[in-house]
A.B. asks: 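Structure below; questions to follow.
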Amino acid sequence: VEQAPGRRRGVYGSIANFGAMIGGLLGAACGWLMSEILTPDAMQDWGWRVLFFSGILVGLFGLWARSGVPDTPAFAQLVAEGVQPRPLRTAFRDERRQMAIAIGLNWSASVAYYVVFVWFVGNMSEVIGLPYQTALAVSTFGLVVGLLATLGMGHLSDVIGHKRMLVAGSIATALLSVPLLMLAATGT
């Protein structure tokens, strides 16, 4: 985002979320595939460990890949100018209101993501009664749709404004979450 052209920061920023969602998609797809291949007992006994340890390998690969990425020119300039030793502490001390707003707006997006793509899989299976494999398949499909929507919403934020987009998304999450969960509970 720091290096993005001024009118394309939303799209560039959405690419980071797109990458994170790819990880979620791969995890859901692998879980779905394993649950299709293994019996429920095998999945419970040892299958989940395969997924868990493969996640550790992906994490190690990510650390290795990140270690070779140079800092952005904007950050390099801050370092050259002498970055404050505790910038986060300074931001919370001097910019409390702005920090609270930023945390609140990003919190609602994070909660929405984890409710839909993490908690909801268990809810579909345990509460609604869908087979676990079906719940994982629905989650995998939802992540594919979410990937496409993420890039589209990044572009839309460049058109209508980033702050407006964050506020609109937070309001939509607050207003629509309960009706959507009630609708999902019908099992249809």
Side-chain angles (χ1 to χ4, degrees), residues 1 10-70 88 102-155 157 165-166 169-188:
V1 173
V11 170
Y12 278 58
S14 71
I15 292 170
N17 287 335
F18 185 87
M21 288 181 76
I22 292 236
L25 174 61
L26 289 173
C30 288
W32 175 41
L33 182 63
M34 289 285 288
S35 69
E36 289 290 332
I37 294 170
L38 301 176
T39 66
D41 288 338
M43 188 69 171
Q44 183 72 25
D45 289 343
W46 60 270
W48 67 271
R49 289 179 178 89
V50 172
L51 297 171
F52 179 80
F53 287 115
S54 66
I56 290 173
L57 294 175
V58 170
L60 291 173
F61 174 77
L63 283 172
W64 172 79
R66 174 61 185 103
S67 68
V69 176
L88 191 58
I103 289 168
L105 291 173
N106 283 296
W107 174 79
S108 68
S110 297
V111 168
Y113 175 85
Y114 283 102
V115 164
V116 171
F117 295 115
V118 178
W119 172 80
F120 200 56
V121 172
N123 184 67
M124 284 189 288
S125 180
E126 295 168 19
V127 176
I128 298 170
L130 288 174
Y132 192 66
Q133 292 89 342
T134 304
L136 282 170
V138 169
S139 178
T140 301
F141 176 76
L143 279 160
V144 170
V145 172
L147 282 169
L148 299 175
T150 295
L151 295 176
M153 294 297 118
H155 173 71
S157 77
M165 195 69 176
L166 277 170
S170 294
I171 290 170
T173 299
L175 293 178
L176 298 175
S177 59
V178 172
L180 288 173
L181 290 172
M182 290 172 62
L183 178 64
T186 65
T188 60

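A quick note: this is a predicted structure, and the numbers were derived from the prediction, not measured.
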A.B. asks: Using modelled atom types only, decide if a donor and an acceptor are shared between the side chain of Ser139 and the backbone of Ala135 within a distance under 3.5 Å.
C.D. replies: no

A.B. asks: So, taking the atom named CG in Leu33 and the one named CG in Leu26, what distance separates them when rounded to the nearest 0.5 Å?
C.D. replies: 11.5 Å

A.B. asks: I'd like to know if the side chain of Arg66 and the backbone of Val69 have a donor-acceptor N/O pair within less than 3.5 Å.
C.D. replies: yes

A.B. asks: Would you compute the distance between atom OG1 of Thr173 and atom OH of Tyr113 and round it to the nearest 0.5 angstrom?
C.D. replies: 14.5 Å

A.B. asks: Taking Gln133 for its side chain and Ser35 for its backbone only, find out whether a donor-acceptor pair lies under 3.5 Å.
C.D. replies: yes

A.B. asks: Say you draw a straight line from OG of Ser170 to CE of Met165; how long is it, rounded to the nearest 0.5 Å?
C.D. replies: 11.0 Å

A.B. asks: How long is the span from the OG atom in Ser110 to the CD1 atom in Ile103, to the nearest 0.5 Å?
C.D. replies: 11.0 Å

A.B. asks: Taking Trp32 for its side chain and Ala28 for its backbone only, find out whether a donor-acceptor pair lies under 3.5 Å.
C.D. replies: no

A.B. asks: Can you see which heavy atom on Gly154 is nearest to which on Ser14, and at what distance?
C.D. replies: CA-CB, 3.8 Å

A.B. asks: What heavy-atom pair brings Ser157 and Gly10 nearest, and what distance separates the two atoms?
C.D. replies: OG-CA, 3.3 Å

A.B. asks: With a 4.5 Å limit on heavy-atom distance, are the side chains of Thr150 and Ile15 in contact?
C.D. replies: no

A.B. asks: Roughly how far, to the nearest 0.5 Å, is CE of Met43 from CZ of Arg49?
C.D. replies: 11.5 Å

A.B. asks: Determine the minimum heavy-atom distance between Leu51 and Gly31, stating which atoms define it.
C.D. replies: CD1-CA, 3.8 Å

A.B. asks: Would you say CD of Glu126 has more than 12 non-hydrogen atoms from neighbouring residues, nucleotides or ligands within 6.0 angstrom?
C.D. replies: no

A.B. asks: With rounding to the nearest 0.5 Å, note down the distance linking CE in Met124 to CH2 in Trp119.
C.D. replies: 10.0 Å

A.B. asks: Apply the test side chain to side chain contact (heavy atoms under 4.5 Å, CB included) to residues Phe120 and Val138: give CA-CA distance (whole Å), side-chain angles for both, the deciding distance (0.1 Å), then the verdict.
C.D. replies: CA-CA 10 Å; Phe120 200 56; Val138 169; 5.8 Å; no

